[in-house]
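This report concerns only the one structure given below.
Numbers restart at 1 for each chain; the letters A, B, ... are given by sequence-line order, proteins then strands. Not measured: the values here are computed from a predicted model.
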Amino acid sequence: MHVQQELINWYHAIKRDLPWRHTTDAYTIWLSEIILQQTRVEQGLPYYQRFLEKYPTVIDFAAAPEDDILKLWQGLGYYSRGRNMLKTAKQVQEEYNGVFPTSYDQLIKLKGIGEYTAAAISSFSANEARAVLDGNVYRVLSRYLGISQPIDSTTGKKIFRQAADDFLNEKDPAAHNQAMMELGALVCKPKNPACGTCPIRMGCYAFLHNAAGSFPVKAKKIKVKERFFNYFLFEDENGRILMNKRSDNDIWANMYDLPLIETTHQLSMDELIALPEVVEIFGKKLIITKSSPIIKHVLTHQHLYVRFVVLKQKPLTMHPNWVFIEVENLKKIALPKVIFIFLDNFLN
DNA sequence: AAATCGGGGCT
DNA sequence: AGCCCAGATTT
């Protein structure tokens, strides 16, 4: 039997029961695919359920305020996904009369949909013969075929694109794509792959050479930047919290945090309150109710060292992006994880 | 081509 | 600590 058929047979026998595998509705599949970008199934699943319940159709989604989308996205990370979805939903409503496109060539033009997602939606919703190429597929193909070009180089990407296209089962692209990713997720895992249970091990280069650990190859290393965030929390006499709406050119775009002084390195409390910016905003004599320990918050490309300083007095000057928000209304706005956790502890 | 964009789980 | 996760966009 052909290896592609072995793979599909294996998939049908052991596949996980995931909700987006029960539909061919392009909107629903789009929702699942965007949520699952760089996100494990178990982490994305509850978000998928909540989004589908609140926005059953692309028309419902298109009508949502951006703040509502970001709020529902809170905690999932890579928030531009949510903002791009809103743009695409509006575009589908206007240019496609609310009917979500299913062809690769139309999908690839939409905001937030790249090669992987266009291939996924077009194959799953319309069985278009497009091979997906995600992290799972890179790993499976590199091991199976023994491809040692780096998956994060331009030439490597071309080679893997060709390999994925060649390997595609054109008679059942949808099941083939699902099977490739399922194999990567359940068997051909990054660490300690379960080669003993792999349905296609007898044709696998890495299995036959006992070299799964050598694939895939990555060329680049991640560079991590350190940043030092000093947040100031001020609660006024009416129990409202002074919040800050973030800009759209940094992490946590358009989400809410607190008045922030960022420094280039870690300061002591004495050094912090002597800073000219701090004096300008809060005056010379700071009345500090309490200050938190330094919290290390780890992002992929940044390590944040975050401190919260609770103040008694209100700022002398107000920044345009600052706004007082009632505690009750905090649950309506999107907060980064580290902010949410601190406020949750502080207020409860 | 390289940098940027989160948060969580596994080793 | 380092790597990876149903990647895409910006610089």
Whole-Å distance separating the CG atom of A/Leu299 from the C1' atom of B/dG8
12 Å
Step by step, work out the ring-ring contact (aromatic ring centres under 6.0 Å, His included) result for A/Phe282 and A/Phe232.
CA-CA 10 Å; A/Phe282 295 106; A/Phe232 294 90; 5.0 Å; yes
Counting any heavy atom closer than 4.0 Å, what does A/Asp250 reach on the DNA or RNA strands: base, sugar-phosphate only, or nothing?
sugar-phosphate
In whole angstroms, how far is the P atom of B/dC10 from the NZ atom of A/Lys189?
11 Å
Under 4.0 Å from any heavy atom of chain A: name the first and the last nucleotide of DNA chain C that qualifies, 5' to 3'.
C/dA1 to C/dT10
Rounded to the nearest Å, what distance is computed from the OH atom of residue A/Tyr78 to the P atom of nucleotide B/dG7?
10 Å
For A/Ser32, answer base if it contacts any base atom (sugar-phosphate contacts may also be present), sugar-phosphate if it contacts only those atoms, and nothing otherwise; contact means non-hydrogen atoms under 4.0 Å.
nothing
Contact class for A/Thr39 vs. all strands (heavy atom < 4.0 Å): base, sugar-phosphate, or nothing?
base
Base, sugar-phosphate alone, or nothing: which one does A/Gly44 contact when heavy atoms must sit under 4.0 Å apart?
nothing
Find the distance A/Leu70:CG to B/dC5:P and express it as a whole number of Å.
15 Å
Base, sugar-phosphate, or nothing: which does A/Lys221 touch, judged by heavy atoms less than 4.0 Å apart?
nothing
I'd like to know if the side chain of A/Arg81 and the backbone of A/Gly77 have a donor-acceptor N/O pair within less than 3.5 Å.
yes
Side chain of A/Pro336 only, heavy atoms from C-beta on: which candidate in B/dG7, B/dT4, B/dC5 is closest?
B/dG7
Qualifying residue, where the test is side-chain contact (heavy atoms from CB on, under 4.5 Å) with A/Leu52 and the options are A/Trp20, A/Tyr27, A/Phe61, A/Tyr47
A/Tyr27
Set of side-chain contact (heavy atoms from CB on, under 4.5 Å) partners for A/Leu70, sequence neighbours left out:
A/Glu66, A/Tyr79, A/Arg83, A/Asn254, A/Met255, A/Ala334
For A/Arg21, which contact category applies under a 4.0 Å heavy-atom criterion: base, sugar-phosphate, or nothing?
base
Identify whether NZ of Lys or CZ of Arg in A/Arg130 sits under 6.0 Å from the centre of the six-membered ring of A/Tyr104 and within 45° of that ring's axis.
yes
Please state how far atom CD in A/Gln302 lies from atom C1' in B/dA3, giving the value in whole angstrom units.
11 Å
Send over the distance from A/Arg139 CZ to B/dC10 P, rounded to a whole Å.
15 Å
If we ignore angles and hydrogens, is there a donor and acceptor under 3.5 Å between the side chains of A/Arg139 and A/Asn136?
yes
Between B/dG7 (C1') and A/Ile295 (CD1): distance, integer Å:
16 Å
Side chains of A/Gln91 and A/Thr88: donor-acceptor distance under 3.5 Å anywhere?
no
Is any N or O donor-acceptor pair between the side chain of A/Thr300 and the base of B/dG7 shorter than 3.5 Å?
yes
Does the side chain of A/Trp252 get closer than 4.0 angstrom to OP1 or OP2 of B/dG7 through an N or O atom?
yes
Classify A/Leu18 by what it touches in the nucleic acid, base, sugar-phosphate, or nothing, heavy-atom distance under 4.0 Å.
base
What interatomic distance, in whole Å, is found between P of C/dT11 and the corresponding atom of B/dG6?
14 Å
Please report the distance separating the P of C/dA6 from the corresponding atom of B/dA3, rounded so that it comes out in whole Å.
25 Å
Between A/Val298 and A/Asn192, which has a closest nucleotide on DNA chain B that is more 5'?
A/Val298
Test item: side-chain donor near acceptor, A/Arg21 and A/Gln178, under 3.5 Å
yes
Classify A/Ile113 by what it touches in the nucleic acid, base, sugar-phosphate, or nothing, heavy-atom distance under 4.0 Å.
sugar-phosphate
What does A/Trp20 touch in the nucleic acid at a heavy-atom separation under 4.0 angstrom: a base, only the sugar-phosphate, or nothing?
base
By nearest-nucleotide position on DNA chain B, the 5'-leaning member of A/Met255 and A/Lys223 is A/Lys223
Specify the separation, in whole Å, of atom CD of A/Glu42 and atom C1' of B/dG8.
10 Å
Pick the nucleotide of DNA chain C nearest each of A/Arg40 and A/Asn84; which residue has the one closer to the 5' end?
A/Arg40
Taking 4.0 Å as the cut-off, does a side-chain nitrogen or oxygen of A/His297 come that near to OP1 or OP2 on B/dG7?
yes
Could you tell me whether A/Val41 contacts a base, only the sugar-phosphate backbone, or nothing, with contacts defined as non-hydrogen atoms closer than 4.0 Å?
sugar-phosphate
Output yes when a side-chain donor or acceptor of A/His209 lies under 3.5 Å from a complementary backbone atom of A/Ala211, and no otherwise.
no
With a non-hydrogen cut-off below 4.0 angstrom, is A/Gly114 in contact with a base, only sugar-phosphate, or nothing?
sugar-phosphate
